[in-house]
Every structure is written in structure tokens, then in C-alpha cells.
Amino acid sequence: MDDQQFEARMTKLKNHYDKMPSLVNVEKVVANLPDELPRKRQQRSLWIVVLASACILAILVSLYATQQQQEMQAINDVERANVERVVAAKKEFEAWRQAFAPLYKEEKERQRKTLRLTEEQFNSLAYVQNAEASYRFYTSDETLERYAQGAWQGQLAVYQNETIEKLHSPKLMLSKQRQDDVEEMSALYTYMEKVRALSELYDVITYTSEIIAAAKNEGFVLMEFGGKKRLVFDYTTIEKELLTIFSPETMGLLEVMKVKYYFYAGELVVDPKEAAKSTLILERKLLTEAYDQYNGYLKSSYELIMVKLLTGQAKNQEYQQLLQFLITEDSAVAPIATAILEELAATGKSTTMEQIDYRTIWNALLAKKYP
């Protein structure tokens with residue numbers, strides 16, 4: 001068999017093989033596969049899923065229940081602690097309130113007796129009324145509720161001391177130690193308010209010998225105004241004690257309180273030389289730069305009195321002696337006083353005196369302060 005014949009027979013064999021049917025039909029095999037697993041296998045798988053889900057759910061429920069229980073326990077612990085704290089705070093406040101009541105009453109009576117006043121007179125004092133308002137507020141049920149909620153914790157003793165101090169007379173304030181500038185000014189204003197309250201009371205009550213003695217201990221003196229004797233504040237009688245708590249710079253403010261009694265119906269009702277001495281005290285404060293922070297308090301009183309002194313009766317011998325006193329003391333208004341005396345000696349009248357006003361006085365002081 002040559003090659004040609006062999007090739008022909010192989011081609012015929014291949015064509016015959018291609019025409020033979022396949023022994024395995026893929027489509028038929030796939031078509032014959034079942035759509036579902038056998039029922040027993042399906043049920044077994046379902047139970048496995050259900051059991052697994054139940055176990056997981058049980059675990060989650062258990063964890064959730066435990067967490068909720070812990071949270072509720074924590075909430076209950078907090079609420080219980082708050083209730084216990086409120087109860088304890090109310091108990092503490094009530095004990096303090098019960099203890100404070102007799103202390104306040106005793107101190108109030110002690111201060112009343114110190115000033116030798118009746119209950120009605122003492123209760124009318126502005127600073128006592130302030131103490132009463134403070135006492136009622138701090139011991140009220142409203143304050144108790146605020147304290148129970150956490151307000152003012154640890155401050156009851158502080159408020160008690162503050163309320164007691166409000167009852168103190170002005171003189172009793174001087175037993176404290178000197179403080180810094182801010183505290184000093186606050187204390188000074190409180191002191192002046194208490195002095196002012198006593199002054200207002202002394203203006204309207206009838207004096208007994210005991211009241212006069214107690215007032216003198218507070219720095220008041222008995223002076224006569226328009227035929228009537230009055231207790232007026234004169235800080236110089238207790239200046240040594242004042243300087244234990246207040247600095248010298250502040251004495252000018254107390255001088256202002258003193259000179260307010262020098263006037264009645266717009267006119268000087270004290271000896272002009274006495275008024276001149278007070279005016280010179282104010283002037284020295286105003287001339288010192290260290291006291292500049294007090295100028296607003298001193299200036300108006302200084303100008304008012306000085307204008308009254310320099311515009312007195314021109315032909316009055318006492319008036320001319322007063323002008324000479326101001327010149328001798330080297331007052332800021334000495335040049336004005338000199339000019340008035342020279343004009344009076346020359347013509348019997350003074351143009352300088354007629355032109356004096358508040359600006360004249362202040363300009364003279366500034367000229368001396370800043371030459």
C-alpha cells in the first residue's frame with residue numbers, strides 16, 4: 001500500500017467517525033437531574049438552621065437582658081445615691097438653720113444694747129434691715145431646696161458670718177485687720193453706710209444720756225444747729241482706731257461726711273474757721289496725686305465750702321480774719337484771699353469776691369498743684 005492509498009483510507013475512517021452518534025448526551029443528563037434535594041436531606045438542613053438560629057437568639061437575648069439589668073442597676077444606684085445625698089443635705093441644712101437661729105437672735109440683741117436703742121429704733125436702721133433680709137433668705141425653705149440640689153455647698157458658715165457682720169455697729173468693724181485696696185474700699189463704703197444709717201436715725205429720735213454715750217463711742221459728737229442739739233459724725237474723735245483698718249488716703253472721704261452737717265438751708269451753720277479747717281484738710285488731699293482716685297468725692301464739698309467762705313460779709317471783721325487765716329495756712333486760694341483784702345482796703349469792696357464761683361476755686365487749686 002502506497003502512501004496515497006493510506007491517506008485515502010484514513011480520510012474515509014475519519015469521516016465515518018464524525019458521523020457516529022455520541023454515547024453521552026449532556027443535555028439529557030442535565031435534564032434528568034432532580035430539581036430539589038431529597039426530602040429527608042431538606043428537612044435535616046432546615047432543622048440545623050432553626051437550631052442554630054435559636055441558639056444565637058438565646059445568646060443575644062441573654063446578653064441583652066444582662067446589659068439591661070446592669071444599666072437598670074446603675075440607674076438605680078445613681079438615683080439611690082442622689083436621694084441619699086438630698087436627704088443628707090437637707091438634714092445638714094436643717095441642723096445649721098436650727099443652730100444659727102439663736103446665734104443670730106443673740107447677736108442682734110447684743111448690738112442693740114451696745115447702741116442703747118429700743119427694738120423699734122434698732123430695727124429701723126438700714127444696715128439692720130439688710131441683715132434681716134439676708135437672714136431670712138439664707139434660712140428660707142427655698143434656700144434649703146437649692147442647697148439640697150447642690151447649690152452653695154460648703155458655704156453655710158460663710159453666709160452665717162456675713163449675716164452676723166451685717167448686724168455689727170460701725171465701731172465693731174474696726175476690729176478687723178487692714179486689707180488690700182479693693183477690700184479696703186469695700187469695707188470703707190460699708191462703714192460709711194452704717195455711719196450714715198446711724199446719722200439718719202439720730203436726726204429723728206430723742207436722745208437719752210445712754211444713747212449719747214453710745215454714739216460718742218461710734219465717733220459722734222453733740223453739736224448745736226439752729227438752737228437744736230444733734231449728734232453728728234466726727235471721724236477725728238476715733239481717727240486712731242480708723243487708721244488701724246483704713247489707710248490715711250481714705251480719711252478725706254470721712255471728712256466729707258463730717259462737713260455735710262456744716263450746712264442748713266444752703267447756709268453755713270458752724271463757725272467759719274471750723275469750716276475752713278475742714279476745707280484745708282480736703283484741699284491737702286486734693287493737692288496730693290496719691291489721692292487722685294478720691295477727687296470725685298472730695299471736689300464738690302471742697303468747692304462748696306470754699307465758695308461760701310470767700311463770699312462772706314466783706315466788711316465783717318470775722319470774715320477778714322478768716323481770709324488772713326487762709327493766707328497764713330498757704331491755702332490754694334491764698335492769692336484770691338490776698339486780692340480781696342487788698343481791694344477791700346483800697347475801695348471798701350471787692351470785684352474779685354463778686355466774681356468767685358466753683359471754677360475759680362478749682363482753677364486756683366490746679367494752679368497750686370501744677371505750678
Side-chain angles (χ1 to χ4, degrees), residues 185 188-189 192-193 195-196 199-200 223 225-226 230 232-236 239 246-316 318-344 349-371:
M185 290 309 299
L188 178 62
Y189 289 138
M192 292 172 65
E193 285 300 314
V195 169
R196 191 172 292 112
S199 297
E200 292 172 354
M223 296 182 65
F225 298 94
R230 294 172 56 192
V232 298
F233 180 68
D234 183 354
Y235 74 96
T236 60
E239 187 170 7
F246 301 127
S247 57
E249 293 91 335
T250 63
M251 294 300 103
L253 298 177
L254 298 178
E255 187 70 35
V256 171
M257 293 192 70
K258 175 184 175 183
V259 302
K260 80 170 191 174
Y261 297 103
Y262 291 180
F263 292 90
Y264 181 78
E267 297 298 327
L268 277 173
V269 290
V270 296
D271 179 67
K273 191 171 183 179
E274 184 65 29
K277 290 178 180 179
S278 289
T279 309
L280 290 173
I281 291 175
L282 296 178
E283 181 179 279
R284 293 186 187 106
K285 303 295 184 185
L286 289 167
L287 287 171
T288 307
E289 291 186 0
Y291 305 153
D292 280 355
Q293 59 179 312
Y294 308 111
N295 281 357
Y297 302 98
L298 312 183
K299 180 174 179 288
S300 58
S301 295
Y302 170 74
E303 292 172 339
L304 175 62
I305 300 175
M306 197 61 83
V307 167
K308 287 294 182 182
L309 293 176
L310 293 178
T311 57
Q313 297 296 321
K315 296 183 180 180
N316 189 302
E318 187 180 67
Y319 170 72
Q320 295 186 27
Q321 291 175 350
L322 176 63
L323 295 181
Q324 190 60 54
F325 172 74
L326 292 173
I327 295 170
T328 302
E329 293 295 321
D330 194 27
S331 168
V333 299
I336 299 175
T338 300
I340 293 174
L341 288 175
E342 290 175 351
E343 291 171 357
L344 289 176
K349 62 179 183 178
S350 172
T351 304
T352 299
M353 184 186 72
E354 295 172 355
Q355 295 176 343
I356 291 175
D357 59 16
Y358 297 123
R359 288 175 299 179
T360 308
I361 302 301
W362 188 244
N363 288 338
L365 185 137
L366 293 178
K368 185 175 180 65
K369 187 173 184 179
Y370 306 107

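From a predicted model like this one, the values you see are computed outputs, not experimental measurements. Quick note: residue numbers are just sequence positions, from 1.
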Can you name the nearest heavy-atom pair linking [X] to [Y], along with the distance?
| X | Y | result |
| --- | --- | --- |
| A332 | A364 | O-CB, 3.7 Å |
| L253 | M185 | CD1-CE, 4.1 Å |
| T351 | E343 | N-OE1, 3.1 Å |
| Y319 | L309 | CE1-O, 3.2 Å |

For E193, check salt bridge (Lys or Arg N to Asp or Glu O under 4.0 Å) against everything at least two apart and list the hits.
R196
Tell me, please, which residues at least two apart from D271 pass salt bridge (Lys or Arg N to Asp or Glu O under 4.0 Å).
none
What is the distance from atom [atom1] of [X] to atom [atom2] of [Y], rounded to the nearest 0.5 Å?
| X | Y | atom1 | atom2 | value |
| --- | --- | --- | --- | --- |
| E255 | T236 | CD | OG1 | 7.5 Å |
| T338 | I327 | OG1 | CD1 | 3.5 Å |
| S350 | L344 | OG | CG | 5.5 Å |
| I305 | I361 | CD1 | CD1 | 11.5 Å |

Listed by chain and number, what are the side-chain hydrogen bond (donor to acceptor under 3.5 Å, both in side chains) partners of N363, not counting sequence neighbours?
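If we apply the side-chain hydrogen bond (donor to acceptor under 3.5 Å, both in side chains) test to N363, skipping adjacent residues, there are no hits.
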Would you mind listing every salt bridge (Lys or Arg N to Asp or Glu O under 4.0 Å) that reaches into residues 319-329, with sequence neighbours excluded?
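Qualifying pairs: R284-E329.
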Can you list the residues that meet the ring-ring contact (aromatic ring centres under 6.0 Å, His included) rule with Y302, with sequence neighbours excluded?
none
Measuring only between side-chain heavy atoms, which start at C-beta, is [X] closer than 4.5 Å to [Y]?
| X | Y | result |
| --- | --- | --- |
| M223 | V270 | yes |
| L326 | L310 | yes |
| K368 | L365 | no |
| L254 | L188 | yes |
| Y358 | L304 | yes |

With no hydrogens and no angle check, just 3.5 Å: does a side-chain donor-acceptor pair link S331 and E283?
yes
Go through the side-chain N and O atoms of T360 and Q355 and say whether any donor and acceptor fall under 3.5 Å apart.
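Checked: T360/Q355 side chains show no N/O donor-acceptor pair below 3.5 Å.
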Would you list the atom pairs, donor with acceptor, under 3.5 Å between side chains in residues 256-263 and any protein atom, with sequence neighbours excluded?
residue	atom	partner	partner atom	Å
Y261	OH	S199	OG	2.8
Y262	OH	S278	OG	2.7

Passing option when T279 is tested against M306, E274, E303 for side chain to side chain contact (heavy atoms under 4.5 Å, CB included)
M306
Salt bridge or not between E354 and K349? Use side-chain N to carboxylate O under 4.0 Å.
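Result for this pair is no, no salt bridge flagged.
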Is the backbone of L268 close enough, under 3.5 Å, to the side chain of K308 for a donor and an acceptor to pair up by distance?
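Looks like no, no N/O pair under 3.5 Å.
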Check: F246 main-chain N/O paired with T250 side-chain donor or acceptor under 3.5 Å:
no
With side-chain contact (heavy atoms from CB on, under 4.5 Å) as the test, would you mind laying out the steps for W362 and L286 before giving the verdict?
CA-CA 10 Å; W362 188 244; L286 289 167; 4.1 Å; yes
